Amino acid sequence: MQKYKIGIFGSAEGDLEKIIPKAHDLGKELAKKNITVLTGASIGLPYEVALAAHKLDAEIWGYSQFTDYQTQLKQLADCDPSIFNKIFYIPTDYEFVSDFNITRKYRNVSSTANSDAGIIISGRWGTMNEFTNLHDMGKVIGVLTGTGGIADEIPGLMKKINKPSNAKVIFNDDPEKLVKEVIEELEKRS
């Protein structure tokens, strides 16, 4: 089986405690399947997924909104960068490098473009941006329903505002089943 890169996109803030067990289950499942896990190199649910996957020796890549390791450490003290096998930073010559609102979107485009598939867990506006990137890029998208936020709104939104795309959106509230279905769709495309 090919080694796939799956981006995890979801909430960084909010009432996450009740969702963290599902995030950990998702991370364990990705590690079992030898997936390279991509995140925004930040705190929140994607970080919890990455932590669980890292404990089972999965490869973890982070796409930072910052330009260097020291800024990453200073701005995100609760995010242990040692779990990442690779961290990709914003180029220092990027025109909007000093505007974190814009560098987050730069990170979103880079991480979604480099993912073979993405999985949405809860989420707010930033996660919606990542979902639309994945959708417009024609990627396989897993949505872990039952986690609140945008993940539980996407099914209804797709009925109202869906547009043609090569994307395949898969909904499931079970992390193990969702990962299995996402990988099956990736294998069909290989």
Side-chain angles (χ1 to χ4, degrees), residues 1-14 16-66 69 72-73 76-89 104 107-108 110-124 126-127 130-131 133-134 139-151 169-187 189-190:
M1 181 172 83
Q2 179 179 336
K3 183 162 184 172
Y4 296 110
K5 297 177 295 192
I6 297 181
I8 306 301
F9 307 103
S11 297
E13 297 177 9
L16 308 180
E17 289 304 311
K18 63 184 176 192
I19 307 167
I20 287 175
K22 270 196 172 184
H24 289 167
D25 289 345
L26 181 58
K28 291 173 192 172
E29 211 46 49
L30 292 165
K32 287 181 198 173
K33 302 294 186 195
N34 195 31
I35 300 297
T36 298
V37 177
L38 281 57
T39 76
S42 188
I43 58 172
L45 293 172
Y47 179 70
E48 293 296 331
V49 171
L51 276 175
H54 171 74
K55 288 178 183 173
L56 295 175
D57 297 321
E59 187 170 354
I60 313 295
W61 294 5
Y63 286 80
S64 178
Q65 71 185 61
F66 305 110
Y69 184 77
Q72 175 84 15
L73 284 176
L76 295 171
D78 294 336
C79 178
D80 177 7
S82 72
I83 72 164
F84 299 102
N85 298 89
K86 296 180 183 181
I87 300 179
F88 301 90
Y89 295 101
R104 275 191 222 113
R107 170 192 71 187
N108 291 358
S110 297
S111 61
T112 53
N114 283 296
S115 298
D116 296 311
I119 294 179
I120 306 296
I121 177 170
S122 189
R124 299 180 303 171
T127 307
E130 291 154 333
F131 174 83
N133 290 346
L134 292 163
K139 306 278 181 150
V140 178
I141 309 167
V143 179
L144 189 58
T145 55
T147 57
I150 202 65
V169 184
I170 301 164
F171 299 98
N172 206 308
D173 65 354
D174 181 283
E176 181 179 356
K177 291 177 183 173
L178 183 63
V179 169
K180 180 179 182 288
E181 292 175 40
V182 166
I183 292 172
E184 285 173 355
E185 183 62 27
L186 286 170
E187 288 174 346
R189 294 177 175 216
S190 294

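What you are looking at is a predicted structure, and each value in this text was computed from that prediction instead of being measured. What you see below is based on every heavy atom in this structure, not just the backbone, and it leaves out hydrogens, waters and symmetry mates. Here, residue 1 is the first one in the sequence, and each next residue gets the next number.
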Interatomic spacing from [atom1] in [X] to [atom2] in [Y] - rounded to 0.5 Å:
X	Y	atom1	atom2	result
L134	I141	CG	CD1	5.0 Å
I35	I119	CD1	CD1	8.5 Å
L186	I6	CG	CD1	6.0 Å
Y89	Y69	OH	OH	7.0 Å
R124	I150	CZ	CD1	11.5 Å
L51	D80	CG	CG	7.5 Å

Can you confirm whether [X] sits close enough to [Y] that some side-chain heavy atom of one is under 4.5 Å from a side-chain heavy atom of the other?
X	Y	answer
L30	I8	yes
I19	L144	no
F171	L178	no
T145	N172	no
T112	F9	yes
I170	E185	yes
T147	K22	yes
I121	T127	no

Counting N and O atoms only, with roles assigned by atom type, does the side chain of [X] sit under 3.5 Å from a partner on the main chain of [Y], one being a donor and the other an acceptor?
X	Y	value
S110	R107	no
K139	S115	yes
D25	P175	no
K5	N114	yes
R104	Q65	no

Can you name the nearest heavy-atom pair linking [X] to [Y], along with the distance?
X	Y	answer
A53	I60	CB-CD1, 3.9 Å
V182	A117	CG1-CB, 3.8 Å
P46	G10	CG-N, 3.4 Å

Does the side chain of [X] pick up a donor-acceptor pair with the side chain of [Y] at under 3.5 Å?
X	Y	value
S64	Q72	yes
S190	Y4	yes
S122	S11	yes

Short N-O contact, [X] and [Y], less than 4.0 angstrom:
X	Y	value
E181	K177	no
K3	E59	yes
E184	K180	yes

Please assess Y63 against T39 for the test side chain to side chain contact (heavy atoms under 4.5 Å, CB included), listing each intermediate value before the final yes or no.
CA-CA 6 Å; Y63 286 80; T39 76; over 6 Å; no
Would you please classify the geometry between the Y47 ring and the F84 ring as parallel, tilted or perpendicular, with 30° and 60° separating the classes?
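Ring orientation, 0 to 90° scale: tilted.
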With side chain to side chain contact (heavy atoms under 4.5 Å, CB included) as the test, would you mind laying out the steps for V179 and K33 before giving the verdict?
CA-CA 9 Å; V179 169; K33 302 294 186 195; 3.9 Å; yes
